[in-house]
Amino acid sequence: MKEYRSIRSIQGPLIRVDGVTGVGYSEVANIRLEDGSRRMGKVLDISRDSALIQLFEGTEGININGSGVSFLGETLHFGVSPEILGRVFNGVGKIIDDGGEIIPDKKLDIDGFPINPYARDYPEEFIETGVSAIDAMTTLVRGQKLPIFSASGLPHNELAAQIARQARVVGKDEKFAVVFAAMGITFEEARFFQKDFARTGALERSVLFINLADDPAIERIATPRVALTAAEYLAFEKDMHVLVILTDMTNYCDALREISAARKEIPGRRGYPGYMYTDLASIFERAGRIKGKKGSITQIPILTMPEDDKTHPIPDLTGYITEGQVIISRVLNKKGIYPPIDVLPSLSRLKEKGIGEGKTREDHGNVTAQLFASYARGKEAKELALILGEASLTEDDVKFAAFADEFEQRFVAQSVNESRDLAATLDLGWELLKKIPRKELKRVKEEQIKKYMKAGTD
């Protein structure tokens with residue numbers, strides 16, 4: 001392996017090497033320091049006979065004259081085996097727990113490939129998260145990409161950990177695993193996730209990838225790809241149903257912008273590279289089901305919207321690629337409601353494919369449609385009361401306004417450690433609908449009212 005001793009410059013986490021030949025974009029580089037220690041990097045740019053490399057461990061201590069660079073002729077790979085379950089890795093797939101090394105069955109290229117559309121099988125099986133606002137209103141379906149749009153200071157980390165430990169495929173005795181990738185998080189957040197997974201026993205069926213805020217940006221770019229490589233192995237080679245949780249995709253996109261600036265690329269919207277849509281698609285489209293395969297990959301990417309702005313490029317582009325969104329509300333959070341999920345702007349485009357008789361319960365679609373309509377009308381009544389006063393409300397408006405409050409306090413709100421099964425969630429929905437005048441129950445069938453609603457409606 002040829003070693004180049006022609007480092008021309010060092011700037012931040014970047015080094016430029018002259019006189020290189022036969023080197024490709026994204027190729028892994030090995031940097032040997034004067035003391036014999038080694039660091040890894042990734043080729044960001046090739047121009048004529050020079051290569052721009054960003055180091056995973058930073059450039060501190062590298063002497064231009066005394067260090068050498070060699071290129072491995074391959075992109076970054078991750079060693080996989082069934083032993084990765086229950087383990088904690090850093091952002092590039094190196095073990096950071098105390099469990100010892102893993103002997104891999106094989107090493108896979110982390111870049112992988114999106115699933116061929118022709119080979120895709122349609123998502124249509126319900127995944128229960130134990131969170132009522134998701135299971136009933138924005139139902140998650142096996143093989144779906146359903147992002148959570150949050151904002152700074154909101155409890156998306158707690159919700160992510162809750163979903164990770166509670167999620168399961170209902171009604172089937174099938175192997176289920178969680179791949180959890182955290183990008184750009186603080187040390188305290190990393191410790192929270194690791195302690196929570198270990199405390200609840202969820203770690204045994206999980207694989208954790210932790211990238212800290214002070215880790216290099218290039219590692220942050222690799223983290224979701226390493227995580228999805230592990231998920232693809234478990235899903236399509238070990239026939240497991242894998243839930244991939246990626247948090248925080250905003251940190252990932254900021255790292256993408258940083259690297260784009262380092263490569264002196266022409267910026268797009270708000271400084272993000274013009275290819276960010278394609279880059280995000282290369283991650284999100286690795287979710288799904290494949291015809292003839294038992295396993296599946298379901299994704300829940302979590303992102304914090306800068307300045308709570310849904311039109312920001314990150315949530316905007318994510319919404320185009322994925323199949324809906326779950327919105328975390330600052331208003332509900334201020335009311336002390338957890339999880340503060342605003343069901344009105346939230347949406348699951350595959351919900352109707354994963355619910356109903358034989359999948360969840362025959363009343364699922366109708367009762368949630370009635371809950372949605374009643375909550376929306378209740379919110380409108382409350383807004384009207386703020387403008388014109390409560391005296392302006394009709395008797396029915398007063399009932400809908402009261403329903404909206406109770407819906408938030410009893411249906412949306414639940415303990416961070418509470419896992420509600422879907423039957424309990426739907427029964428609670430029927431109980432709340434007793435507050436609505438019987439003549440207003442227009443989205444549920446009469447036979448369903450008789451079967452599921454006890455006495456108490458008007």
Side-chain angles (χ1 to χ4, degrees), residues 85-86 88 126-142 144-170 176-183 185-186 188-210 227 231 241-249 298-304 324-330 332-343 346 348 407-426 428:
L85 285 168
V88 183
F126 169 64
I127 289 181
E128 186 176 86
T129 66
V131 179
S132 292
I134 296 177
D135 291 346
M137 312 300 289
T138 53
T139 308
L140 179 64
V141 180
R142 188 160 69 90
Q144 184 177 7
K145 310 175 287 287
L146 184 64
I148 294 176
F149 288 4
S150 185
S152 178
L154 298 182
H156 47 270
N157 286 337
E158 290 80 358
L159 180 59
Q162 183 174 8
I163 292 172
R165 65 175 177 265
Q166 293 179 178
R168 65 191 184 101
V169 177
V170 178
F176 191 86
V178 174
V179 173
F180 188 92
M183 293 158 280
I185 64 173
T186 64
E188 285 299 318
E189 289 173 319
R191 189 166 64 174
F192 161 75
F193 284 123
Q194 289 178 264
K195 280 189 172 182
D196 188 83
F197 275 66
R199 175 182 62 84
T200 60
L203 186 60
E204 295 178 4
R205 60 164 188 168
S206 304
V207 189
L208 271 64
F209 295 89
I210 305 292
H241 300 302
V242 184
L243 176 64
V244 180
I245 299 176
L246 305 172
T247 183
D248 177 347
M249 291 304 295
T298 306
Q299 271 190 35
I300 300 183
I302 298 173
L303 60 89
T304 51
Q325 69 278 330
V326 175
I327 304 292
I328 304 295
S329 165
R330 195 175 294 279
L332 291 179
N333 188 60
K334 286 180 180 178
K335 290 182 180 180
I337 292 172
Y338 174 87
I341 295 174
D342 189 347
V343 301
S346 298
S348 172
F407 179 82
E408 292 174 354
Q409 296 292 339
R410 294 184 60 193
F411 191 91
V412 176
Q414 62 186 87
S415 165
V416 70
N417 295 311
E418 179 186 1
S419 178
R420 286 186 196 152
D421 62 46
L422 183 65
T425 290
L426 296 180
L428 176 58

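Since the structure is predicted, the reported quantities are computational estimates derived from the model, not experimental observations. Because only heavy atoms are used, hydrogens play no part in the values below, and waters and symmetry mates are left out as well, while side chains stay in.
Contact between F209 and V179 at its shortest, heavy atoms only, is CE1-CG1, 3.9 Å. Nearest heavy-atom pair, V178 versus A164, reported as atom, atom and distance to 0.1 Å: CG2-O, 3.4 Å. Here the closest non-hydrogen pair linking I327 and S346 is N-OG, 2.9 Å. The minimum heavy-atom distance between F411 and S132, with the atom names listed, is O-CB, 3.5 Å. Scanning all heavy atoms of the two residues, the minimum distance from V169 to F176 falls at CG2-CD1, 3.6 Å. Residues R420 and E128 come closest through the heavy atom pair O-CD, 4.3 Å.
Taken to the nearest 0.5 Å, the CZ atom of F180 stands 9.0 Å off from the CG atom of D196. To the nearest 0.5 Å, atom CG of residue L85 and atom CG of residue L208 are 11.0 Å apart. Rounding to the nearest 0.5 Å places CZ of R165 at 9.0 Å from OG of S419. Note: F193 CZ to I185 CD1 = 5.5 Å, rounded to the nearest 0.5 Å. Note that CD1 of I300 and NZ of K145 are 13.0 Å apart. Values are rounded to the nearest 0.5 Å. The distance from the CD1 atom of I148 to the CG atom of L154 is 11.5 Å, given to the nearest 0.5 Å.
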Please determine whether side chain to side chain contact (heavy atoms under 4.5 Å, CB included) holds for the pair F126 and L422, giving the CA-CA distance in whole Å, both sets of side-chain angles, and the decisive distance to 0.1 Å.
CA-CA 10 Å; F126 169 64; L422 183 65; 3.9 Å; yes
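Residues satisfying the salt bridge (charged side-chain N to carboxylate O under 4.0 Å, His left out) test with R205, not counting sequence neighbours, are none. A search for salt bridge (charged side-chain N to carboxylate O under 4.0 Å, His left out) contacts involving D342 returns nothing, not counting sequence neighbours. Under the salt bridge (charged side-chain N to carboxylate O under 4.0 Å, His left out) criterion, K335 pairs with E408, sequence neighbours left out.
More than 12 heavy atoms of other shown residues, nucleotides or ligands fall within 6.0 angstrom of atom CD in E418.
Between the side chain of Q162 and the main chain of S415, a donor-acceptor pair closer than 3.5 Å is present. Distance alone, capped at 3.5 Å, places no donor-acceptor pair between the N333 side chain and the P340 backbone. Without hydrogens or angle criteria, Q299 side chain to V244 main chain gives no donor-acceptor distance under 3.5 Å.
Within the 4.5 Å cutoff, the side chain of I337 has heavy atoms near those of the Q409 side chain. By the 4.5 Å heavy-atom criterion applied to side chains, L243 and I163 are counted as neighbours. Using a 4.5 Å cut-off on side-chain heavy atoms (C-beta onward), H241 and T298 make no contact.
For the side-chain hydrogen bond (donor to acceptor under 3.5 Å, both in side chains) test with T129, the passing option among T139, D135, T138 is D135; the others fail.
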